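Letters A, B, ... mirror the listed sequences (proteins, then strands); counts begin at 1. None of these values were measured; they are calculated from a predicted model.
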10 protein chains.
Amino acid sequence: MGGRKDEELKDLTLLGNQGTKYSFEYAPNLLETFENKHKDRDYIVKFNCPEFTSLCPQTGQPDFATIYISYIPDVKMVESKSLKLYLFSFRNHGDFHEDCMNIIMNDLIELMAPRYIEVWGKFTPRGGISIDPYTNYGKPGTKYEQMADYRLMNHDMYPETIDNR
Amino acid sequence: MGGRKDEELKDLTLLGNQGTKYSFEYAPNLLETFENKHKDRDYIVKFNCPEFTSLCPQTGQPDFATIYISYIPDVKMVESKSLKLYLFSFRNHGDFHEDCMNIIMNDLIELMAPRYIEVWGKFTPRGGISIDPYTNYGKPGTKYEQMADYRLMNHDMYPETIDNR
Amino acid sequence: MGGRKDEELKDLTLLGNQGTKYSFEYAPNLLETFENKHKDRDYIVKFNCPEFTSLCPQTGQPDFATIYISYIPDVKMVESKSLKLYLFSFRNHGDFHEDCMNIIMNDLIELMAPRYIEVWGKFTPRGGISIDPYTNYGKPGTKYEQMADYRLMNHDMYPETIDNR
Amino acid sequence: MGGRKDEELKDLTLLGNQGTKYSFEYAPNLLETFENKHKDRDYIVKFNCPEFTSLCPQTGQPDFATIYISYIPDVKMVESKSLKLYLFSFRNHGDFHEDCMNIIMNDLIELMAPRYIEVWGKFTPRGGISIDPYTNYGKPGTKYEQMADYRLMNHDMYPETIDNR
Amino acid sequence: MGGRKDEELKDLTLLGNQGTKYSFEYAPNLLETFENKHKDRDYIVKFNCPEFTSLCPQTGQPDFATIYISYIPDVKMVESKSLKLYLFSFRNHGDFHEDCMNIIMNDLIELMAPRYIEVWGKFTPRGGISIDPYTNYGKPGTKYEQMADYRLMNHDMYPETIDNR
Amino acid sequence: MGGRKDEELKDLTLLGNQGTKYSFEYAPNLLETFENKHKDRDYIVKFNCPEFTSLCPQTGQPDFATIYISYIPDVKMVESKSLKLYLFSFRNHGDFHEDCMNIIMNDLIELMAPRYIEVWGKFTPRGGISIDPYTNYGKPGTKYEQMADYRLMNHDMYPETIDNR
Amino acid sequence: MGGRKDEELKDLTLLGNQGTKYSFEYAPNLLETFENKHKDRDYIVKFNCPEFTSLCPQTGQPDFATIYISYIPDVKMVESKSLKLYLFSFRNHGDFHEDCMNIIMNDLIELMAPRYIEVWGKFTPRGGISIDPYTNYGKPGTKYEQMADYRLMNHDMYPETIDNR
Amino acid sequence: MGGRKDEELKDLTLLGNQGTKYSFEYAPNLLETFENKHKDRDYIVKFNCPEFTSLCPQTGQPDFATIYISYIPDVKMVESKSLKLYLFSFRNHGDFHEDCMNIIMNDLIELMAPRYIEVWGKFTPRGGISIDPYTNYGKPGTKYEQMADYRLMNHDMYPETIDNR
Amino acid sequence: MGGRKDEELKDLTLLGNQGTKYSFEYAPNLLETFENKHKDRDYIVKFNCPEFTSLCPQTGQPDFATIYISYIPDVKMVESKSLKLYLFSFRNHGDFHEDCMNIIMNDLIELMAPRYIEVWGKFTPRGGISIDPYTNYGKPGTKYEQMADYRLMNHDMYPETIDNR
Amino acid sequence: MGGRKDEELKDLTLLGNQGTKYSFEYAPNLLETFENKHKDRDYIVKFNCPEFTSLCPQTGQPDFATIYISYIPDVKMVESKSLKLYLFSFRNHGDFHEDCMNIIMNDLIELMAPRYIEVWGKFTPRGGISIDPYTNYGKPGTKYEQMADYRLMNHDMYPETIDNR
Ligand SMILES: [Ca+2]
Ligand SMILES: [Ca+2]
Ligand SMILES: [Ca+2]
Ligand SMILES: [Ca+2]
Ligand SMILES: [Ca+2]
Ligand SMILES: [Ca+2]
Ligand SMILES: [Ca+2]
Ligand SMILES: [Ca+2]
Ligand SMILES: [Ca+2]
Ligand SMILES: [Ca+2]
Ligand SMILES: [Ca+2]
Ligand SMILES: [Ca+2]
Ligand SMILES: [Ca+2]
Ligand SMILES: [Ca+2]
Ligand SMILES: [Ca+2]
Ligand SMILES: [Ca+2]
């Protein structure tokens with residue numbers, strides 16, 4: 001069945017593991033990585049995460065969002081099941097939407113040291129208004145830093161139609 | 001439940017407040033702010049506001065719009081419930097569509113002194129024609145001013161299909 | 001230009017009238033009618049009203065809905081501009097969603113004595129949940145009463161997808 | 001190239017005719033028919049007519065609609081180019097939406113004496129409200145009359161979402 | 001501001017209450033009711049609840065669903081904020097999808113004794129397959145019981161297109 | 001690889017055949033069948049055929065349609081590649097839309113003697129109007145004849161939105 | 001975390017099992033069941049399965065479909081992970097579309113003895129035509145048999161728009 | 001009700017005027033303006049006009065289009081009701097699609113002397129083909145002229161899907 | 001009825017001509033032009049052509065595509081009815097998708113000598129894969145050549161979702 | 001029927017070949033090419049491949065994706081049926097999503113030595129998250145290398161809405 005060898009997969013403790021534990025506390029240490037086999041090339045990996053939920057820090061009410069994460073890997077790549085468990089750990093955690101997106105990006109930068117990364121959250125409305133924070137990062141002093149500036153400047157010029165239904 | 005501490009939230013009088021009053025007069029003083037915790041980073045916060053309504057200054061008939069507000073915070077950030085109450089205060093106020101969008105942006109600039117901001121209103125039709133004003137702003141003398149020019153020049157080159165149904 | 005004669009239109013005081021007043025109080029007396037020219041036939045007139053807004057009776061916060069009204073006329077038919085002004089008069093009025101829909105239907109029954117009528121409101125969410133009340137009526141003792149039962153029994157078996165965005 | 005023979009097409013004066021005249025006056029006499037070759041069978045022909053426009057009888061302003069016409073032919077069938085020219089003749093004609101739909105159906109009944117027919121107009125909004133009249137007919141004393149009742153009773157229980165954009 | 005009087009609202013402890021507590025345990029006792037003012041009429045109230053989440057009883061992983069609840073009230077009607085808090089109490093609760101839908105319906109029947117009720121959950125996929133349980137109920141021995149049979153027999157004959165994206 | 005045996009497929013001359021010939025003349029004899037293995041059961045097979053094109057009998061201009069064919073097999077079932085070649089043979093053939101749909105159904109009835117069958121063509125517009133003929137058939141004297149009546153009576157009560165774009 | 005007890009789940013060998021084996025041979029014995037806890041009630045469970053693939057029995061080329069399965073459970077209910085593995089076992093199996101749908105339904109009837117069941121496959125096109133077989137079943141001699149007839153008679157009167165893109 | 005003062009609105013003769021006349025001849029003199037209150041700022045006003053109709057200069061048949069007009073105002077701004085009446089005056093006027101769009105833009109340039117303007121018409125098909133002309137303009141010798149070049153070069157690289165239905 | 005004068009239209013032999021002949025052989029000589037009245041301005045004309053069909057050069061089976069053609073006219077402009085007849089002449093012609101698009105563009109360049117032109121074909125699938133060739137051209141040595149490079153480099157970065165249904 | 005001559009097609013062994021074999025092992029040698037007839041021009045060919053399936057290297061479970069491949073040909077062009085068979089050969093092959101996309105692009109670069117190429121896979125979700133890898137390449141030392149950088153920097157700034165349904 002070819003592809004990745006056992007040797008290459010040996011550090012992954014969560015993928016395909018039956019006894020998965022779900023943390024109810026914010027747990028960045030759940031994140032795991034594997035090695036990029038195409039380091040000579042710039043390419044983008046995007047995660048679509050429509051099942052994100054956290055709590056409002058002030059009122060405790062649940063918040064829901066779809067999060068889109070895109071990055072250009074350098075040496076390390078985040079394994080998707082560990083990402084899922086990490087995002088789950090926000091389930092009973094309270095923070096502003098704007099803070100959550102920055103925290104997630106910070107944790108992934110610390111984990112992978114990616115060339116480029118961006119995180120975009122699209123939340124459901126409270127009081128008739130919804131909030132969509134977007135943050136990004138490029139390795140300082142590289143062309144990826146310019147890429148981050150460029151993509152921020154061009155961000156979301158065609159807002160999707162929102163009617164709260 | 002972590003995240004923002006009470007100390008950080010103490011200036012917010014409206015979020016989670018039971019006795020909310022709804023102003024029927026244009027009331028920019030309703031707007032409140034909290035502090036940006038990620039000032040070292042340029043990032044964008046977007047508000048989707050599909051429940052905006054005002055009156056026509058000439059005929060008094062009600063107008064309806066969805067408003068999209070995006071900004072890059074500097075030191076201050078607008079709190080979303082106060083934004084909701086501020087927008088509500090246009091409910092019985094009369095002004096041209098084009099003026100409303102510029103007034104809202106002016107008020108938010110005065111409130112937050114953001115690095116960058118844009119406001120786009122999409123109104124329902126009157127007499128078979130609908131009007132969508134878009135205005136933006138970047139801090140004068142900074143790269144954000146150029147960002148404003150750039151985004152205006154590239155604004156809405158793919159108009160959504162409108163058929164008045 | 002044919003069609004309806006001045007004689008037939010003489011009771012309509014609002015259509016095409018420049019000096020329209022918008023009532024800020026619930027005002028069922030604004031409703032006006034004209035005569036059905038096709039009384040020998042059962043046919044349906046539907047009004048799509050996406051610009052309805054009222055207030056929450058408890059908290060005073062604004063509510064927004066699209067209302068769909070369908071009826072089979074008997075002798076009288078409601079004139080659409082008067083309907084618009086009537087619906088506008090809920091703008092600063094507070095009531096539960098479920099009550100508003102029943103009140104609107106009651107007023108139209110009293111106005112027109114239609115053979116059949118139904119009113120369906122689809123509101124925007126509060127606290128993550130939206131409410132869509134549906135009510136209908138057929139002239140008692142006629143086949144239209146059975147029609148009302150039948151349509152209620154078959155009501156909305158394919159709920160539109162709602163994701164609050 | 002088979003199919004319909006010249007003999008069968010000889011009464012059609014408009015189809016493929018270069019010198020087509022467009023009438024600016026309501027002109028039901030433009031309608032032409034050809035013979036049904038499948039009279040032993042009940043089947044339905046539907047016309048989708050998204051380019052209908054007429055005038056408001058009171059204010060003279062233009063109205064726009066998509067009209068859907070479905071019928072079961074008996075002996076005669078309406079030729080589509082003549083139908084197009086007939087609908088065009090409403091261009092500078094003024095009448096209420098509800099009346100227009102009934103007039104069109106009456107003219108087609110007189111022309112073809114169909115077993116069953118229905119006409120549904122969906123108009124663009126005026127003052128935030130749009131009107132969609134629906135009328136139908138089955139040959140009196142036949143099962144098609146019951147079909148008309150049945151389809152009216154079941155009419156449009158899933159209103160399309162209308163937001164005037 | 002008319003409508004419902006304070007007297008009528010006095011039993012509602014949650015609506016507009018600032019100090020809302022969110023229960024992390026399954027808590028059917030959170031549900032509150034108010035009185036139906038239109039008991040002489042059959043009408044339908046639908047709740048759209050796109051923010052439902054629970055846990056898998058076997059693996060502990062989070063599940064997400066949109067729940068549609070429709071009912072014909074008899075004497076009591078469920079208040080929507082209490083419904084929201086009740087649904088929230090499934091957040092850390094584990095059960096099969098099929099069981100959750102039946103439990104929610106059972107609780108609402110016990111609370112309101114509605115004439116008719118139905119609950120439809122549409123879950124996100126696990127392992128490439130998603131599950132959508134639908135259950136309903138009509139007061140035994142009444143026409144509403146027949147209504148329940150009828151609606152089950154006609155349930156979802158046009159499955160929405162699902163492609164897991 | 002199981003399933004249908006060579007024995008069962010031996011009469012199919014077109015499926016998987018490299019030297020396929022495309023007829024430019026109307027050619028009903030191209031149609032081939034295989035045997036129904038589930039004769040004890042009523043079930044429906046639907047063909048979606050979005051690539052139908054023929055010619056106008058009067059003007060010679062090309063017409064385009066999507067055709068939907070559904071049937072309940074009795075003993076014989078039409079093989080799909082032979083159906084494709086048969087439909088292709090209309091490519092340079094001229095006939096009215098209404099006639100084409102009836103001819104296709106007649107040919108399939110003669111070929112398969114199905115319990116039930118229906119054919120629906122949806123054509124692109126000419127002169128701003130499009131035509132969608134629908135015809136069906138149930139074996140005379142059986143419940144399938146009633147099924148045909150029933151489906152005709154209920155046909156297309158929710159016309160898709162057509163705007164010619 | 002409540003809900004289903006270990007006792008109730010003890011016969012499920014696949015759900016949450018790390019060492020899952022994927023069969024490359026048609027394997028109906030993979031299917032597992034658990035007990036229905038709401039046997040007093042008729043309710044419907046629907047599975048959306050967009051990841052079905054099999055092979056053409058004649059040419060060996062891969063076929064792809066979305067399968068929709070709905071049933072009313074009696075005593076036993078199919079566990080969804082075992083259903084996934086069962087459907088996977090068609091991956092290298094060859095059969096006609098029409099046969100596959102009937103085989104799947106037969107296997108589920110044998111497994112669960114459901115009160116009612118239906119299976120609908122929607123395949124991607126070959127040669128410009130796609131095929132969508134639909135089959136259903138109700139326990140003979142019960143009202144569910146009539147339900148099967150009724151749903152077949154009403155099947156898919158609004159074909160989704162197919163354009164092969 | 002604040003906003004624009006009577007003084008500022010005194011030159012508008014059409015907005016809110018009951019006795020509106022609709023010209024049947026091309027009438028650029030109907031256009032009226034009001035003063036821009038935000039001249040220090042570049043911002044965009046877009047008009048969505050889905051109810052445009054004219055005649056073919058050769059055949060006299062009616063044409064239909066949706067027109068999108070966007071401009072950056074300088075000193076003067078076009079009033080929307082006067083724009084509506086101006087566009088109406090094309091109703092019985094004949095010209096090629098490409099010419100109409102350029103004429104409309106020329107008239108608005110002469111009226112307002114805007115910094116930038118663009119006009120895009122999307123017509124319904126004739127003979128299976130539809131035409132969408134796009135034209136734009138920036139004040140010569142200014143950055144708006146470059147903006148016009150830039151937007152033309154980037155125009156419509158993602159054509160909407162057109163299928164004439 | 002103004003607009004284009006007879007003098008300006010005298011070279012058009014096909015528009016409005018009753019005796020139109022449809023060529024079954026590839027016939028670039030069918031193309032006709034009229035003069036550009038706005039030569040001082042760069043503007044774009046787009047043709048949407050959803051009714052293109054040709055044959056596979058190897059197998060003879062029919063292919064179907066929607067073609068989008070956009071160009072900036074210089075002196076000559078292609079007349080749309082002649083374009084329709086030209087595209088029709090591919091009906092019984094065989095060539096690869098990639099070749100057809102380049103041939104069409106070559107013929108239009110020879111006909112009109114446009115400043116800029118692009119042709120994009122989107123075909124229906126064969127064997128589960130569809131092909132969309134895109135080709136463009138700018139007058140050599142002008143800014144339009146750079147425009148062609150620029151648009152190619154930016155081509156289709158947001159592929160439409162294709163699922164072959 | 002013109003177009004490509006037999007001489008030009010003689011190296012294609014798979015297109016139109018009846019005895020096609022489907023490889024169950026990763027088989028890059030299946031890919032075949034034909035010669036580019038428009039080498040003087042830069043143009044883009046896109047393949048839409050919604051029927052890709054492979055296996056997870058760790059768990060063996062099936063994965064599904066839609067793959068979009070775009071390239072600018074130099075001398076050689078990939079024949080689409082051989083591409084289909086090549087993609088099929090991943091059917092029973094296991095590899096990470098990120099690796100599969102890079103392998104496919106590497107094989108096509110080796111086959112065709114294209115000026116530019118990009119490959120984008122959009123997978124269905126596992127555990128609530130889906131992954132969309134995108135990789136591209138331009139001939140080193142040419143403007144196509146810059147094109148690759150440019151397109152990566154601008155990649156997917158408008159993520160499609162993903163909700164796993
Ligand atoms: Ca929405
Ligand atoms: Ca929605
Ligand atoms: Ca729209
Ligand atoms: Ca619309
Ligand atoms: Ca939505
Ligand atoms: Ca939305
Ligand atoms: Ca709409
Ligand atoms: Ca989907
Ligand atoms: Ca999707
Ligand atoms: Ca359309
Ligand atoms: Ca499609
Ligand atoms: Ca379309
Ligand atoms: Ca359409
Ligand atoms: Ca599609
Ligand atoms: Ca589709
Ligand atoms: Ca979706």
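When D/I131, D/I103, D/N102 are compared by the number of non-hydrogen pairs under 4.5 Å with chain C, D/N102 comes out ahead. When the candidates D/T135, D/N106, D/D132 are compared by the number of heavy-atom contacts under 4.5 Å with chain C, D/D132 comes out ahead. No other option in C/D42, C/L87, C/I44, C/N36 has as many heavy-atom pairs under 4.5 Å with chain D as C/I44. For the set D/S130, D/P159, D/P133, D/A148, the count of heavy-atom pairs under 4.5 angstrom toward chain C peaks at D/S130. The residue among C/H38, C/M147, C/K37, C/K143 with the most heavy atom pairs within less than 4.5 Å of chain D is C/H38. Chain C forms more heavy-atom pairs under 4.5 Å with one residue of D/N136, D/D149, D/D156 than with any other, namely D/D156. With respect to chain D, the highest number of heavy-atom pairs below 4.5 Å among C/S70, C/P73, C/C49 belongs to C/C49.
Summarising the geometry of C/P50 relative to D/G128, their closest heavy-atom pair is CD-O, 3.3 Å, with the distance given to 0.1 Å.
We find the CE-OH distance between D/M105 and C/Y43 to be 10.5 Å, quoted to the nearest 0.5 Å. In this structure, the separation between NZ on D/K122 and CG on C/N48 is 8.5 Å, given to the nearest 0.5 Å. Atom CG of D/L152 sits about 4.5 Å away from atom CD1 of C/I72, to the nearest 0.5 Å. Atoms CE and CZ, on D/M153 and C/R151 in that order, are 9.0 Å from each other to the nearest 0.5 Å. The distance from the OH atom of C/Y116 to the NE2 atom of D/H155 is 11.0 Å, given to the nearest 0.5 Å. Going from atom OG1 of C/T66 over to atom CD1 of D/I162 covers 9.0 Å, rounded to the nearest 0.5 Å.
Heavy-atom distances place the side chain of C/M77, and not its backbone, under 4.5 Å from chain D. Neither the backbone nor the side chain of D/Y26 comes within contact range of chain C, judged by heavy atoms closer than 4.5 Å. The parts of D/N154 that come within reach of chain C are both its backbone and its side chain, each placing non-hydrogen atoms under 4.5 angstrom from that chain.
Side chain of D/Y137 to backbone of C/R41: no donor-acceptor contact under 3.5 angstrom is found. In this structure, the side chain of D/R126 does not engage the main chain of C/K81 through any donor-acceptor pair within 3.5 Å. Formation of a donor-acceptor pair under 3.5 Å by the C/Y68 side chain with backbone atoms of D/Y158 is not found in this model.
Residue-environment remark: CD (C/E25) stays at or below the threshold of 12 foreign heavy atoms within 6.0 Å. For D/K139, the NZ atom counts as densely surrounded, since its 6.0 Å shell holds more than 12 non-hydrogen atoms of other residues, nucleotides or ligands.
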